[in-house]
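This report refers to the structure that appears directly beneath it.
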Protein chains: 2
Amino acid sequence: MDTDSHRSHADLLATYRRSCPSRTVIEVLANKWSLYVLAALRRSPGPLRFSQLRRLLDGVTQKMLTQTLRALERDGLVARTVYPTVPPRVEYSLTDLGHAAGELTTAIADWAVDHASRVHAARAAFDARPEEPSPL
Amino acid sequence: MDTDSHRSHADLLATYRRSCPSRTVIEVLANKWSLYVLAALRRSPGPLRFSQLRRLLDGVTQKMLTQTLRALERDGLVARTVYPTVPPRVEYSLTDLGHAAGELTTAIADWAVDHASRVHAARAAFDARPEEPSPL
DNA sequence: CTGTATCCAAGTCGATACTG
DNA sequence: CAGTATCGACTTGGATACAG
């Protein structure tokens, strides 16, 4: 994947600057729950209700889920539809923008599943190594 | 991208379980500095020194960079090479595993750059909307 | 140069209680 | 059902000082 072939050297450096507009976008995407919410919505055949997402994402609290969904909605990645019924019904789905982002986060989630054993093995090896690797 | 075509429904649900081994892998990848470090190393033609990474990643503190590099090294994504010179010289590069992960995080970073304006527009629209959208 | 150690502020996150 | 509000524990992250 040579995704940078059309980017200049200066462009690449600018990517990491604090002033780069992408910085704040990265900060929304680069966290566990955003990644999972986008992946879950992308994998779902249709919209998901708040409670469905909560059940799906094991360990997420109501607060974190609300917070995450709001941030994604604010950024135009997730669409929030409220049905004025009683009890209220709220559905979440991906916008076109969110769908594209969801592909990327789903790829990360899939990669993590596929390589978890290798990562865990490396982790164990690292943790098992002696304090002083060079006893001379 | 139908990356899930080979995954069963049960597999997909298991992905979000707290007990899924991929959870801890995601937690390492899903943060700003890990994402940037992997992207920077992947884009670089060769290994990068600690100070080079620090200059490149605008805003990263020494502490966060060290912490991030350690976590990635522990997970077998980054290789750390120490040259016993004086002053010391330490180079970081991607392992095969890290290279694969780097492709994914680079894709996220690129996407963020390319769509930052759309996201920021959505954000501005969201923030500008009235408190009570339905005054009836 | 490449770290480690420490202090402290700020933010994250979970648990709980409550509302329309 | 789908939130909001609040409190407190815990974690994160920055600044600074220091060491091999």
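The structure displayed is predicted, hence computed values, not measured ones. First the proteins, then the strands, lettered A, B, ... as listed; each starts at 1.
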Worksheet, complete the sentence: By nearest-heavy-atom nucleotide on DNA chain C, the more 5' of A:M64 and A:P87 is A:M64

Worksheet entry | Residue pair B:Y16 / A:L56: nearest heavy atoms and the distance that separates them | CB-O, 3.1 Å

Worksheet entry | Qualifying ring pair (Phe, Tyr, Trp, His ring centres under 6.0 Å) pairs with a residue from residues 69-100 of chain B, counting only residues at least two apart or across chains | none

Worksheet entry | Pairwise distance CG(A:L57) to CD(A:Q52) - rounded to 0.5 angstrom | 12.0 Å

Worksheet item: Which salt bridge (Lys or Arg N to Asp or Glu O under 4.0 Å) pairs, counting each pair once, include a residue from residues 45-57 of chain A, with sequence neighbours left out?
Response: none

Worksheet entry | Common cluster, B:V60/B:L53, ILVMFWY with side-chain heavy-atom separation under 4.5 Å | yes

Fill in: Rounded to 10 degrees, the angle between the two terminal axes of the helix from C:dC1-D:dG20 to C:dG20-D:dC1, each from five pairs
50°

Worksheet entry | Outermost nucleotides of DNA chain C that come under 4.0 Å of a non-hydrogen atom of chain A | C:dC13 to C:dG20

Worksheet item: Would you say B:R43 and B:D110 make side-chain contact, with heavy atoms under 4.5 Å?
Response: yes

Discussion item. Strictly by side-chain hydrogen bond (donor to acceptor under 3.5 Å, both in side chains), give each pair with a member in residues 17-38 of chain A just once, sequence neighbours left out.
Written reply: A:T24-B:H120, A:T24-B:R123, A:E27-B:K32, A:N31-A:S34, A:K32-B:E27

Worksheet item: Does B:S44 use its side chain to pair, donor to acceptor, with the backbone of B:A40 at less than 3.5 Å?
Response: no

Practice prompt. Taking all heavy atoms of A:D75 and all of A:L97, pick out the closest pair and write down the distance.
Written response: O-CD2, 4.1 Å

Protein-nucleotides 2-6 of chain D N/O pairs under 3.5 Å:
from	atom 1	to	atom 2	distance (Å)
D:dA2	OP1	A:R49	NE	2.9
D:dA2	OP1	A:R49	NH2	3.1
D:dA2	OP2	A:S51	N	3.0
D:dA2	OP2	A:S51	OG	2.8
D:dG3	OP1	A:R70	NH2	3.3
D:dG3	OP1	A:R80	NE	3.4
D:dG3	OP1	A:R80	NH2	2.5
D:dG3	OP2	A:Y92	OH	2.5
D:dG3	N7	A:Q62	OE1	3.2
D:dG3	N7	A:Q62	NE2	2.4
D:dT4	OP1	A:R70	NH2	3.4
D:dT4	O4	A:Q62	OE1	3.2

Discussion item. If I take atom CG from residue B:L29 and atom CG from residue A:L35, how far apart are they, to the nearest 0.5 angstrom?
Written reply: 8.5 Å

Fill in: Nucleotide D:dG13, atom C1' - distance to NZ of B:K32 in whole Å
9 Å

